[in-house]
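The figures that follow rest on heavy atoms only: side chains count, while hydrogens, waters and symmetry mates do not. A, B, ... follow the sequence lines: proteins, then strands. Residue 1 opens every chain.
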Amino acid sequence: NAGVTQTPKFQVLKTGQSMTLQCAQDMNHEYMSWYRQDPGMGLRLIHYSVGAGITDQGEVPNGYNVSRSTTEDFPLRLLSAAPSQTSVYFCASKTGKGPQHFGDGTRLSIL
Amino acid sequence: AQKITQTQPGMFVQEKEAVTLDCTYDTSDPSYGLFWYKQPSSGEMIFLIYQGSYDQQNATEGRYSLNFQKARKSANLVISASQLGDSAMYFCAMREGFQGAQKLVFGQGTRLTINP
């Protein structure tokens with residue numbers, strides 16, 4: 001049982017480049033979320049989804065897009081990377097009353 | 001205003017001692033949930049314990065217990081008989097609204113170091 005799988009684990013981008021962070025879960029969870037963690041801080045919610053085809057903004061959505069075409073996958077897109085988006089990104093999923101299960105994170109550096 | 005406050009940036013504890021990590025929260029929603037997560041140096045987020053606002057008893061999970069004082073809006077994590085492997089960052093988080101809601105608000109964390 002893989003749980004929540006994030007790829008890649010590390011990525012370096014140049015300012016202005018675009019990329020997609022991948023997130024997949026095999027637990028048939030209806031809820032999925034993306035968080036970012038900056039140094040010395042807790043996680044902050046970027047976007048979330050309550051099911052396939054439904055997404056909404058979290059606390060810090062600017063500069064990021066998401067879509068949820070399947071239950072399993074919830075990719076996060078950076079359209080034009082900025083140095084302020086340098087962070088560790090976590091994907092999470094949950095079902096019903098259960099806690100959020102987190103992936104291992106993607107460490108992203110924007111030069 | 002911060003919704004989750006963890007006032008201890010760092011704590012140092014001797015192995016086998018009990019440790020309490022503080023967490024206070026702010027919400028006007030009568031339905032909410034409180035979570036504690038552990039983040040070791042390897043970086044993953046590990047769920048430890050959950051307390052619902054309507055739960056009558058304090059949550060316990062093995063060596064972890066949650067000291068929930070609703071009137072004071074505090075949800076402190078207690079680790080009994082600490083071990084070297086407990087050294088990590090610990091985050092308190094809150095979910096507001098119904099139990100299916102998934103927006104979590106995190107505190108800034110407490111770095112716990114267990115000394116041998």
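Looking at A:S49, the atoms closer than 4.5 Å to chain B (heavy atoms on both sides) all sit in the backbone: N, CA, C or O. Contact of A:E59 with chain B is not made at all, since no heavy-atom distance falls under 4.5 Å. With a 4.5 angstrom heavy-atom cutoff, A:V50 touches chain B via backbone and side-chain atoms both.
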query: Is there a side-chain contact (heavy atoms from CB on, under 4.5 Å) between B:M45 and A:D104 once you walk through the steps?
result: CA-CA 7 Å; B:M45 296 291 289; A:D104 288 341; over 6 Å; no

task: Please report the C-alpha distance between B:L104 and A:Y35 in whole Å, then the side-chain angles of each, then the deciding distance to 0.1 Å, and finally whether the side-chain contact (heavy atoms from CB on, under 4.5 Å) criterion is met.
output: CA-CA 9 Å; B:L104 284 183; A:Y35 293 82; 3.3 Å; yes

query: Can you list the steps and then say if A:Q37 with B:F91 is a side-chain contact (heavy atoms from CB on, under 4.5 Å)?
result: CA-CA 12 Å; A:Q37 183 180 26; B:F91 291 96; 3.3 Å; yes

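B:L77 and B:L84 fall within a single hydrophobic cluster, where Ile, Leu, Val, Met, Phe, Trp and Tyr side chains are chained together by heavy-atom contacts under 4.5 Å. Hydrophobic clustering places B:W36 together with B:M94 (ILVMFWY residues linked when any side-chain heavy atoms are closer than 4.5 Å, directly or through intermediates). Under a hydrophobic-cluster definition in which Ile, Leu, Val, Met, Phe, Trp and Tyr are linked whenever side-chain heavy atoms come within less than 4.5 Å, directly or via other members, B:L112 and B:Y64 are assigned to the same cluster. Cluster membership for B:V78 and B:L34, using ILVMFWY side-chain heavy atoms within less than 4.5 angstrom, is not shared. The hydrophobic clustering, which links ILVMFWY residues whose side-chain heavy atoms are closer than 4.5 Å, places B:F35 and B:M89 together.
Within 6.0 Å of the NZ atom in B:K70, the count of heavy atoms belonging to other residues, nucleotides or ligands exceeds 12. Heavy-atom contacts from other residues, nucleotides or ligands closer than 6.0 Å to CD of B:Q57 number 12 or fewer.
Among A:R107, A:M32, A:R44, A:H101, the residue with the largest count of heavy-atom pairs under 4.5 Å with chain B is A:M32. Chain B forms the most heavy-atom pairs under 4.5 Å with one residue out of A:G103, A:G105, A:A92, A:G42, and that residue is A:G42.
A donor-acceptor pair under 3.5 Å is formed between the side chain of B:Y37 and the backbone N or O of A:Q100.
Nearest heavy atoms, A:F90 versus B:G43: CZ-O, 3.2 Å.
Atom CG of A:D38 is separated from atom CD of B:Q108 by 11.0 Å, given to the nearest 0.5 angstrom.
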